[in-house]
Each structure stands twice: as C-alpha cells, then as structure tokens.
Amino acid sequence: MAKLWGGRFTKETNKLVEEFTASISFDQKLALEDVEGSLAHVKMLGETGIIPLDDVDLITEGLLKIKSKIENGEMEYSVEHEDIHMNIEKQLIDLIGPAGGKLHTGRSRNDQVATDMHLYLNRKTKEMIRLVNSVQEALLLRAKDNVDTIIPGYTHLQRAQPVSFAHHLMAYFWMFERDKDRLQDSLKRVNWSPLGAGALAGTTFPIDRQRSAELLGFDTVYPNSIDAVSDRDFIVEFLSIGSLIMTHISRLSEEMVIWSSQEFQFIELDDSFCTGSSIMPQKKNPDVPELLRAKTGRVYGNLVSLLTVLKGLPLAYNKDMQEDKEGMFDTVETLEGSLQLLAPMIETMTVNKETMRKAVNQDFSNATDIADYLVTKGVAFRDAHEVIGKIVLYALQENKFLLDLKMEEFKHFSPLFEEDIYRVLSPEHVVGARESYGGTSQVQVKEQILLAEEKVLG
Ligand code: ARG
C-alpha cells in the first residue's frame, strides 16, 4: 500500500519492518487527542491565511466525522499506516479528497505526537487527582469513626507506643495529599504546547503557535522548537509521581495484609475483596492488597524504562521516543485500577476495635510514659530511661505487664512513684497525653481531621 511518505522510496517496506516500527497497536489510545490537535491546527492555518477557508471547513468536517467514528468504536486502523497520526490523515484524505493533504502544512509528526501526549497526560493527570482524592475521602471517613480506637504503634515492627487508629490512617491521607499536590504541580509543565515546532526547527509558514495553544487550552508554548519535540520530561515526571503513589498504596496494602492475618486480626477485609483457596477451605486471602503491592513493580519499571530510553538520545526526535507510550499507558491503567479498588476496600473493611484494644493491654508500649512521669517529678530523662529499663526487665522476668505491678514494686525502683501512675499508664491516657501539634492525642487527631477536610476536593 502507498505510504504517505512513499515518494522517496523505490521498494516496498519489509513486512517485519512494518510490524516492528508501527505503533498503531498502542498509540490508537491517542486518537481523540490527535483529532483535537488537528482541529486546532487547521483552525489556526485558516485564521493565518495559510490555507483557504473552504479547505479548513472540509478538513474540519472530515475530522469531526473521524472523531465520531472513534467515539463509536467504528474506526479501523492499519499497520501499513504505521501510527495514529498517519492512520487518521489517510482516512481524512480518503474521506474528503486532496484537501485532506493540506492538514499537515506547517507541522510534523514530531510536534504532533508530542502535542497528543501533552493533551493525553493533561486529561489523565486531572483524572488521577480525582481518584487519589477519593482514596483520601475513604481514609477520612474511617479515621472519623476511629479517633478513640487505640492500636499499638510500631517502629521496626516492634510495639513502640500506642496510637489512635485514626492517626495511623491519616498518615496515609497526608502521603496522598502530597501526591495530589505533585500531580497538580506537574500540570504546569504538562500544559506547554509543542505544536508548531515542526520536525525540530520551526516552519517557514507564518503560523501562530500561541493561537493553536490557546485553542487547545495550553497555558504556554515551548520557546524552543528543538526542546519542544525532544522533551519527554513531563512523561518521566508523571511516571515518577505514579511510582510514589504506588509506593504509598503498596505500604498501606502491606499493612492490610498484616492486619488481616490470623496473628493480628486488627481488620477484616470485606468478603467481596477477598478470594478463597482451591485446596484449603478455611482460607480467605487478601489478594487485592497483595496485587496492589505487586503492581508497584511494573510502575517503577515503566519509570526506569523511559529514563533509560532517554538517557543517551541526541537531540532532537529519535524513533526511540516512540517507546515512551506503552509504559505510560500501563502506568495510567495500573494507577486507575489500583486507586479505584483501594477506596472501596478501605470503606468496607471491618475494624476490630476490641482486638486492637486487647493488643495494647498486652505490651510495654506505655514504658515511655513512666519515664516521662519521673521526668515531671524532676528526674533527668536519661536517668529515668535507665530506671524504666530495669522495671521492664523485672516485669518480663515476673511475667507481668507494667499495669500489673504493685505499688511497692514501683516504689522499689523509685520513691517518686505515687498511686496516679496507674492512671498515667492506661492506654487512653498514654494516647491522650500526646498533645503536641501533630501528635496522636484525640484532641490533636480531631484538629488534624478538620484540616484534612479542607484539603478534600468537593
Ligand atoms: N509514532 C511516532 C512516535 O510515537 C510518531 C512520530 C514519528 N516521527 C518520525 N519522525 N518518525 O514517536
């Protein structure tokens, strides 16, 4: 079949080469963006008098027909036309005749593909902001029910100090808040228009790049045509933000796997989010959080893969850059699927408040508070630490927890202990006493939730 660029060639393209170099199997996802870019380009060509208005009308009409074919899933693509840009241009020419051939005036596929990618990521970044926000809403909802729920807080996965379960959930809220902020900030760079940069050097036609940028809703245009067609930083940035989002999803998923284990039983995932075992009838497996944790790998891979593609490339466009797409689509789809599942999984999990409370009763996570108790009575923290270390060792030997120790046992270690030590050591008091800004006291957690509510998009 005749190629749009066939003039200089005397031989047919080798079939394997055609397959190998074509991107139509995946870049058809950019079909609507491609039409959108062309509509703006042709309007600008008309306004600047570069092509006659009759042709502009014909081309516009043709493009709109193609657009509805795409939307209705009726579009047919062929590998002979290599990519989405040439497939659409060929269909346009078939549809409206030779006038269709004027669409490509003053542009190249190099600025065209970059424009498509910018438009696509603009749309997807905004969608991602909404999805991250819905996970934040789910976290906030569960945090509100659990301000007074106490769980052991861990460092090194060893019991450290008890915390409000809401406080723990809200830690994830703030991670996602920063992700949302990163996505929002990245839009500043996604919103540069490469259109009109041509192959790399600009064009001899009196085009108006500002106008086509404005028609497409871009904030600004790339000031350098070489940079415009060579830049894939905005995709790297998206893949990198996506990697961080997956890191956060993965850490939360890991906790869900641990918390739902027989050993912890802090939460139970809803049946609708779990699967069974083909051999062990008792099993209820946390497949969803496990897969979320695992899918993080491919998202990191997509980032490293694009960075690697770009690192050795001379300016300007190189065919290597066609490899920017599949990883990007994969990251977009993985993120969409993951965020969409995470929100309802959080919303429907059962929180076993009693089990959590029992866990807190059976540990030494109130030890810091006895040290603080002695400090308020004038003992230096380092000395208090030493005394409490000895008390813990003694309690362990006696097979007791701190609240089980009798008054005389406390007094044996320091005469400064009084009856009020028992109140100080209760988990409610231990949590409630951490009133420093951002701490886990119920008062502080409620303040935090108020602040968080302002961050959630309506
Ligand atoms: N399919 C190509 C890509 O995705 C479009 C740009 C092709 N440009 C070129 N000079 N061959 O990168």
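This chain uses plain numbering: 1 for the first residue, then up along the sequence.
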Would you please name every residue forming a salt bridge (Lys or Arg N to Asp or Glu O under 4.0 Å) with K29, sequence neighbours left out?
-> E333
Kindly indicate, with the supporting measurements, whether the criterion side chain to side chain donor-acceptor pair (under 3.5 Å) is fulfilled by Y300 and T247.
-> CA-CA 9 Å; Y300 291 178; T247 307; 2.7 Å; yes
So which pairs with a foot in residues 410-422 pass side-chain hydrogen bond (donor to acceptor under 3.5 Å, both in side chains), sequence neighbours left out?
-> Y373-D420
Salt-bridge test for K15 and E80: reply yes if a basic N is under 4.0 Å from a carboxylate O, no otherwise.
-> yes
Less than 4.0 Å between a side-chain N and a carboxylate O, is that true for E409 and K400?
-> yes
What do you reckon, are the aromatic ring centroids of Y172 and H248 less than 6.0 Å apart?
-> no
Looking at CD1 of I245 and CD1 of I241, how far apart are the two atoms once the value is rounded to the nearest 0.5 Å?
-> 7.0 Å
Contact summary for M128 and F238, nearest pair of heavy atoms = CE-CZ, 4.1 Å
Give a yes or no on whether a salt bridge exists between E347 and R142, defined as a side-chain N under 4.0 angstrom from a carboxylate O.
-> no
Can you tell if the side chain of V163 reaches within under 4.5 Å of the side chain of V431, non-hydrogen atoms only?
-> no
First locate atom CZ of F410, then atom CG of L416, and finally report the distance between them rounded to the nearest 0.5 Å.
-> 13.0 Å
Could you tell me if the ring centre of F329 sits under 6.0 Å from that of F26?
-> no
Any side-chain heavy atom of V387 sitting closer than 4.5 Å to one from V379?
-> no
Indicate yes or no: does K284 engage E268 in a salt bridge with an N to O separation below 4.0 Å.
-> yes
Centroid-centroid under 6.0 Å between F173 and H168 rings = no
Does S23 reach the side chain of I84, with side-chain heavy atoms less than 4.5 Å apart?
-> no
Donor + acceptor pair across side chains of H167, Q448 (<3.5 Å) | yes
Do I150 and F165 come close enough that some side-chain heavy atom pair is under 4.5 Å?
-> no
Sequence neighbours left out, what pairs pass side-chain hydrogen bond (donor to acceptor under 3.5 Å, both in side chains) with at least one residue falling in residues 287-297?
-> E254-R293, T275-D287
So T368 and Q161, side chain to side chain donor-acceptor pair (under 3.5 Å) or not? Walk me through it.
-> CA-CA 8 Å; T368 316; Q161 290 168 347; 3.0 Å; yes
Taking NZ, NE, NH1 and NH2 as the nitrogens, is one of them in K390 or E386 under 4.0 Å from a carboxylate oxygen of the other?
-> yes
Are side-chain N/O atoms of K65 and Q91 paired as donor and acceptor at under 3.5 Å?
-> no
CA sep, side-chain torsions, deciding dist, call: V351, D145, side-chain contact (heavy atoms from CB on, under 4.5 Å) | CA-CA 10 Å; V351 176; D145 303 336; over 6 Å; no
Between Y222 and W192, is the gap from one ring center to the other below 6.0 Å?
-> yes
Which pair of heavy atoms, one from L169 and one from M349, lies closest together, and at what distance?
-> CD2-CE, 4.4 Å
Say you draw a straight line from CD1 of I249 to CG of L342; how long is it, rounded to the nearest 0.5 Å?
-> 5.5 Å
Residue set satisfying side-chain hydrogen bond (donor to acceptor under 3.5 Å, both in side chains) with N87, at least two apart, ordered chain then number -> none
Got a second to check how far L239's CG is from T331's OG1, nearest 0.5 Å?
-> 5.0 Å
Of all heavy-atom pairs between P152 and A359, which one has the smallest distance, and what is that distance?
-> CG-CB, 3.9 Å
Might you work through the side-chain contact (heavy atoms from CB on, under 4.5 Å) test for I370 and N366, ending with a clear yes or no?
-> CA-CA 7 Å; I370 330 187; N366 46 4; 5.8 Å; no
Donor-acceptor pair, side chain of D363 and main chain of R159, under 3.5 angstrom = no
Which pair of non-hydrogen atoms, one from S38 and one from L63, has the smallest distance, and what is that distance?
-> CB-CD1, 3.7 Å
Kindly write out the residues that satisfy side chain to side chain contact (heavy atoms under 4.5 Å, CB included) with E214, not counting sequence neighbours, or none if the list is empty.
-> R211
Could you tell me which non-hydrogen atom of Q444 sits nearest to which non-hydrogen atom of G438, and how far apart they are?
-> OE1-N, 3.3 Å
Evaluate the side-chain proximity of Q265 to S260: yes if any heavy-atom separation is below 4.5 Å, no if none is.
-> no
Gap between atom CG of D369 and atom CD1 of I421 - 0.5 Å precision | 8.5 Å
Can D27 and K325 be counted as an ion pair, charged N to O under 4.0 angstrom?
-> no
Stepwise, does the salt bridge (Lys or Arg N to Asp or Glu O under 4.0 Å) test hold for D83 with R109?
-> CA-CA 10 Å; D83 59 23; R109 271 188 298 157; 2.7 Å; yes
Taking all non-hydrogen atoms of both residues into account, name the closest pair between L292 and S253 and its distance.
-> CB-OG, 3.4 Å
CA sep, side-chain torsions, deciding dist, call: D34, H85, side chain to side chain donor-acceptor pair (under 3.5 Å) = CA-CA 7 Å; D34 201 69; H85 324 294; 2.8 Å; yes
Using a 4.5 Å cut-off on heavy atoms from C-beta on, say whether the side chain of E398 contacts that of D404.
-> no
Pair E428 + R357: basic N to acidic O under 4.0 Å | yes
Any residue meeting side-chain hydrogen bond (donor to acceptor under 3.5 Å, both in side chains) with R178, in chain and number order, not counting sequence neighbours | none
Rounded to the nearest 0.5 Å, how far apart are OG of S272 and CE of M345?
-> 10.5 Å
Would you call K144-E453 a salt bridge at under 4.0 Å N-O?
-> yes
Min side-chain heavy-atom separation L451-W174 under 4.5 Å | yes
Could you tell me whether K188 and D219 have a side-chain N and a carboxylate O separated by less than 4.0 Å?
-> no
Do K319 and E82 pass the salt bridge (Lys or Arg N to Asp or Glu O under 4.0 Å) test, and can you show the C-alpha distance, the side-chain angles, and the key distance before you say yes or no?
-> CA-CA 12 Å; K319 185 74 167 178; E82 192 179 320; 2.8 Å; yes
Any Lys/Arg nitrogen of R189 or D233 sitting under 4.0 Å from an Asp/Glu carboxylate oxygen of the other?
-> no
Looking only at atom types and distance, does a side-chain atom of S230 sit under 3.5 Å from a main-chain N or O of D227, one as donor and one as acceptor?
-> no
Trace of the side-chain contact (heavy atoms from CB on, under 4.5 Å) decision for L405 with I391 = CA-CA 9 Å; L405 297 179; I391 298 181; 3.5 Å; yes
Under the salt bridge (Lys or Arg N to Asp or Glu O under 4.0 Å) criterion, do E336 and K124 qualify, and how do the steps go?
-> CA-CA 9 Å; E336 279 172 352; K124 288 297 178 184; 2.9 Å; yes
Where the side chain of D111 meets the backbone of S108, is there a donor-acceptor pair that is under 3.5 Å apart?
-> yes
Is there side-chain contact between L244 and R182, with at least one heavy-atom pair below 4.5 Å?
-> yes
